[in-house]
2 protein chains.
Amino acid sequence: MINTRFSVAVHIISLIAAYPAEQHSSEWIAGSVNTNPVVIRRITGLLKRAGLVSTTPGVAGITLNKCPSEISLLEIYHAVILDDALFSVHEETNPNCPVGRNIQGALNDTFKDAQLAMEQVLANKTVADVVQDLKQ
Amino acid sequence: MINTRFSVAVHIISLIAAYPAEQHSSEWIAGSVNTNPVVIRRITGLLKRAGLVSTTPGVAGITLNKCPSEISLLEIYHAVILDDALFSVHEETNPNCPVGRNIQGALNDTFKDAQLAMEQVLANKTVADVVQDLKQ
DNA sequence: GTACCTGTAACTATTATAGTTACATACAGG
DNA sequence: CCTGTATGTAACTATAATAGTTACAGGTAC
C-alpha cells in the first residue's frame with residue numbers, strides 16, 4: 001500500500017493553492033491535516049527538494065513554484081514516494097531452475113507497464129483540479 | 001511498495017504451469033523460489049482461498065483449477081494482496097477546515113482510477129503469457 | 001535582543017513482511 | 001493398521017518502514 005505521505009503532500013499543496021493569502025506555517029498546515037508540524041516539515045522538505053515549493057528557514061510560509069494548474073499529482077507522487085518501483089520482486093531465486101532464473105525478467109515489463117498506467121492517471125490530474133473538487 | 005507475495009505467487013503458479021508433470025511439494029517449490037516451504041504454503045493458502053488452486057492436506061502437490069491461459073495476473077494479485085485500496089489516505093483531518101473536510105473525497109476518485117488503470121494491465125496478462133516469456 | 005519559524009536529528013510506538021521452528025492433522029503405501 | 005511424508009497453522013524472531021514526538025541548532029524579522 002502506498003503510504004499517506006502522498007495524500008498528505010497533495011493536501012499541503014492544495015491547501016496553499018486554495019488559500020494563497022494565508023501565512024502557511026507548518027503549524028497552521030498541521031492543524032488542517034491534524035498531525036504534528038514536524039511531519040509537515042518533513043514532507044515539505046521532500047517537495048522542496050523536488051523543486052515544487054520554496055521555503056525560507058526562519059520565515060513562516062510555503063510558496064508554490066508553479067501555478068496549481070501546472071502541478072500534476074504525478075510530480076507530487078515522485079517527490080515524496082522515493083521507491084521508483086511500485087512492485088517488489090523477490091530476488092535471489094534459484095539460478096539452476098529455469099523459472100527461478102528468468103522470473104524477474106518475465107515480470108519486469110508487465111510490472112513497469114502497470115505502474116506507468118497508474119502514473120498516467122496521476123499525470124492527468126492537477127492541483128487545480130483537486131482544488132476545484134474540494135469546493136464541491 | 002507492493003510486497004513480494006504477489007511476485008512469489010506468480011512464480012508458484014507459473015512453475016506449476018511450466019512443469020505440470022512434476023510433484024509440486026511446498027519444499028520443491030521453495031527450492032525454486034529459494035525460501036522456506038512455510039512461506040510457500042502460506043501463499044498457496046491464499047491462492048486456494050481464492051479458488052485458483054487446489055491442494056489436499058497430507059498429499060504433495062498443487063493443481064491449477066483453470067488453464068494457464070485463463071488465469072490473469074490480476075486474479076493472483078487480488079488473491080494475495082488483501083488491501084483493496086492501493087493508495088492510503090490520511091484520515092481524521094480537521095473537519096473545521098474546508099480542505100481537511102473534503103480532501104479524502106477529492107482524492108478518492110482519482111486514486112481509484114489510477115488503481116484501475118494499473119489493474120487493467122494485470123488483467124490483460126495471463127499465466128500462459130508469463131510461461132511463454134520464461135522460455136525466452 | 002527577542003520572538004518565532006524552519007530544518008533535522010533522535011527517539012518511540014506501531015505495523016507489516018519474511019523467515020523459522022514446532023506440531024497437529026491428513027493421506028498413501030505396504 | 002502403521003509408518004513416512006506432506007499440508008495447514010500457530011507462534012516466535014528479526015528487520016524495516018511509517019507516523020508521531022521531543023529537542024534543539026540556526027535563520028529571519030521586528
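Below, chains carry the letters A, B, ... as their sequence lines are ordered, and counting in each starts from 1.
Nearest-nucleotide assignment on DNA chain D puts the 5′-proximal partner with I62(B), out of I62(B) and P57(A).
For L82(A) and dA16(D), the CG to P distance is 17 Å, given to the nearest whole Å. Rounded to an integer number of Å, the gap from CD1 of I29(B) to P of dA6(D) is 13 Å. Q23(A) places its CD atom 12 Å from the C1' atom of dT6(C), with the value rounded to the nearest Å. Across the protein-nucleic acid pair, E27(A) atom CD and dT6(C) atom P stand 9 Å apart, rounded to whole Å. If you measure from atom CG of L46(B) to atom C1' of dT9(D), you get 12 Å, rounded to the nearest angstrom.
Rounding to the nearest 0.5 Å places NE2 of H24(A) at 12.5 Å from OG of S26(A). If you take CD on E70(B) and CG on N65(B), they are separated by 11.5 Å, rounding to the nearest 0.5 Å. Atoms CG and CD1, on L86(A) and I2(A) in that order, are 5.0 Å from each other to the nearest 0.5 Å. In this structure, T126(B) OG1 and E75(B) CD are separated by 10.0 Å, a value rounded to the nearest 0.5 Å. Atoms CG and NZ, from L74(B) and K125(B) in turn, are 14.5 Å apart once rounded to the nearest 0.5 Å. Distance check: L82(B) CG to L46(B) CG gives 6.0 Å after rounding to the nearest 0.5 Å.
Only at 4.0 angstrom or more do the heavy atoms of residues 8-20 of chain A sit from any atom of DNA chain C, so none qualifies. Residues from residues 47-55 of chain A that place a heavy atom under 4.0 Å from any atom of DNA chain C, listed by number: K48(A), T55(A).
Remark: the backbone N or O of G100(A) is not paired with any side-chain donor or acceptor of N94(A) at under 3.5 angstrom. Under a 3.5 Å cut-off, the side chain of H90(A) and the backbone N or O of N34(B) do not form any donor-acceptor pair.
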- In 5'-to-3' order, the base (B), backbone-only (S) or no-contact (-) status of each nucleotide in nucleotides 17-22 of chain D, using a 4.0 angstrom heavy-atom cut-off, is -SSBBB
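In this structure, a donor-acceptor pair under 3.5 Å is absent between the side chains of T110(B) and D113(B).
Counting non-hydrogen atoms under 4.0 angstrom, T56(B) reaches the backbone sugars and phosphates but no base.
In this structure, F6(A) and F111(B) have parallel ring planes: the angle between them is below the 30° cut-off, well short of the 60° mark.
Enclosure of atom CD in E22(B) by more than 12 non-hydrogen atoms of other residues, nucleotides or ligands within 6.0 angstrom is indicated.
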